[in-house]
Amino acid sequence: MSFADYQFEIYLDGLNGRVSDFPMDYATLESRAAEALPPSLHSYIAGGAGDEATQRRNAEVFAQWGLVPRMLVGAAQRDLSVTVWGQTFPSPIFLAPVGVVGLVTHDHHGDVAVARSAAATGVPAVFSTLMEDPLEEVIGHAGSTPSFFQLYTPTDRDLAASLVERAGRAGYRGIVVTLDTWVPGWRPRDLSTGNFPQLRGHVLANYTSDPVFTKLAGSEPVVPTWARIFGNPLTWDDLTWLRSLTDLPLILKGISHPDDARRAIDGGVDGIYCSNHGGRQANGGLGSLELLPEVVEACDGQVPVLFDSGVRSGSDVVTALGLGATMVGIGRPYVYGLAVGGVAGVTHVVRMLLAEADLLMAVNGYPDVAAVRANLRRSERF
Ligand code: FNR
């Protein structure tokens, strides 16, 4: 069974008179999700910082790169598996942390739906601190697929320690600390409707279920307490403390500069996650893919490099792998899959991306990622 087989499943269904209800391309997926989601939630997910130039650029810069086909290779089987932190995954993609997935399904158990899809596909999910269900509940639905916990580091150190400790106890296999979001970026779409889900009391289950948070809040309502402690403008001096919180793999998300990558590795982290948060935080930046090669070079094979921001298709996945990413994060596409079809919708998006990636490697004669890296060229047209 290869990822490519999804295509034959779809054609065979067609022969039997069943045509998939799910979109087969990103543009249709995006528009179907826009119809399915409540407008304020849709604009929260679809929107980004400023005039969204960086957000668009993230996706557009993939066109700067192209793959050169190789013939008579007979790449009948492609190996897309990857081993990181002692674990082997069948594919090199993962679901990036998205704080409002809890709200995306009608029952508001979207985090659980994502976990179920991870169980079905073997594609791991990184779950955000911002969940509708507590982290202990959610991981129970991921089956044997490893899950990761993403930490938004609060200003209260005991609360940070408690969240990390809970994640370890619940069985999460790594802690992803997001560095670029101690304050939300300027997001005109949300500002123009005055909508910020957390301030309306959503996706705070990991806080309200936490004994340290409950103590901090005392008789104060949840939202003001949360707003007071949410964002910690960490500095390099905090890295030793962060490292001391866990023996699990520690991965820093939001690293875009090679010097930052090197300094993080010197500080003992186990993974670098190159991302600009899908252009939601700071406008005016380069596309994350443009920064990936330098970050990969700085890491020099010492730790895995995770990447996200702008991945929309299987060919994008392959391009990011070609530029040195160890694993590639899917963001908005799977959230739109969730909006369109719940667990089955996420599973469809994952299988669609992997089928496209696998098929293009087959057609291009690439049995593995090493062959992709050897045959990726920068185009002079862009
Ligand atoms: C995010 N992202 C994010 N990242 C994170 O570390 N914690 C979080 O809670 C969230 N929440 C979140 C909400 C929404 C609605 C989006 C779209 C994104 C960023 C996410 O992990 C990833 O970096 C981006 O989604 C990648 O960009 P694209 O590919 O989705 O454009």
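Just follow the structure's listing: the first ligand is 1, and inside any ligand the first atom is 1.
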Nearest protein heavy atom with distance in Å, relative to [atom]:
| atom | result |
| --- | --- |
| atom 30 (O) of ligand 1 | Arg332 N, 2.8 Å |
| atom 5 (C) of ligand 1 | Tyr152 OH, 3.3 Å |
| atom 9 (O) of ligand 1 | Ser128 OG, 2.7 Å |
| atom 22 (C) of ligand 1 | Asp308 OD2, 3.1 Å |

Quick one: pull up [atom1] in [X] and [atom2] in [Y] and give me the separation to the nearest 0.5 Å.
| X | Y | atom1 | atom2 | result |
| --- | --- | --- | --- | --- |
| Asn276 | Leu291 | CG | CG | 8.0 Å |
| Ser2 | Gln77 | OG | CD | 8.0 Å |
| Asp79 | Ser91 | CG | OG | 11.0 Å |

Parallel, tilted or perpendicular: which fits the ring planes of His277 and Tyr152, with parallel below 30° and perpendicular above 60°?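 Correct class here is parallel.
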
Would you call the rings of Phe148 and Phe89 parallel, tilted or perpendicular, where under 30° means parallel and over 60° means perpendicular?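 Plane angle between 30° and 60°, so tilted.
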
Among Pro197, Gly310, Gly278, Gly331, whose heavy atom sits nearest atom 29 (O) of ligand 1?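 The nearest heavy atom belongs to Gly310.
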
Could you pull out, from Gly47, Gly48, Pro97, the option with a heavy atom nearest to atom 21 (O) of ligand 1?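 Minimum heavy-atom distance to atom 21 (O) of ligand 1 goes to Pro97.
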
Does the ring of Trp241 carry Arg157 above it, NZ/CZ under 6.0 angstrom from centre and within 45° of its axis?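 Relative to the ring axis of Trp241, which defines the angle, Arg157 lies inside both limits.
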
Applying side chain to side chain contact (heavy atoms under 4.5 Å, CB included), can you list everything that pairs with Pro188, at least two apart in sequence or on another chain?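 Here the qualifying residues are Trp186.
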
Would you mind listing which atoms of ligand 1 come within a distance below 4.0 Å of any non-hydrogen atom of [X]?
| X | result |
| --- | --- |
| Arg312 | 28 (P), 29 (O), 31 (O) |
| His277 | 1 (C), 2 (N), 3 (C), 4 (N), 5 (C), 10 (C), 19 (C), 23 (O), 24 (C) |
| Ile45 | 15 (C), 17 (C) |
| Ser275 | 23 (O) |
| Thr178 | 5 (C), 6 (O) |
| Ala96 | 21 (O) |
| Gln150 | 5 (C), 6 (O), 7 (N), 8 (C), 9 (O) |

Residues Arg189 and Glu52 bridged, charged N to O under 4.0 Å: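 Result for this pair is yes, salt bridge flagged.
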
So does Glu9 pair up with Arg351, basic N to acidic O under 4.0 Å?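 Salt bridge: yes.
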
For [X], is at least one N or O under 3.5 Å away from an N or O on ligand 1?
| X | value |
| --- | --- |
| Arg280 | no |
| Tyr273 | no |
| Gly99 | yes |

Without swapping roles, check the side chain of Trp65 against the backbone of Leu376 for a donor-acceptor pair under 3.5 Å.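 Judged by distance alone, no pair lies under 3.5 Å.
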
Does Val98 have a non-hydrogen atom less than 4.0 Å from ligand 1?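 Judged by the 4.0 Å heavy-atom criterion, Val98 does count as contacting ligand 1.
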
Is Gln55 near ligand 1, meaning one of its heavy atoms is under 4.0 Å from it?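 Heavy atoms of Gln55 never come under 4.0 Å of ligand 1.
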
Within the 6.0 Å centroid threshold, strictly below: Phe94 and Phe307: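 No: the rings miss the under 6.0 Å criterion.
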
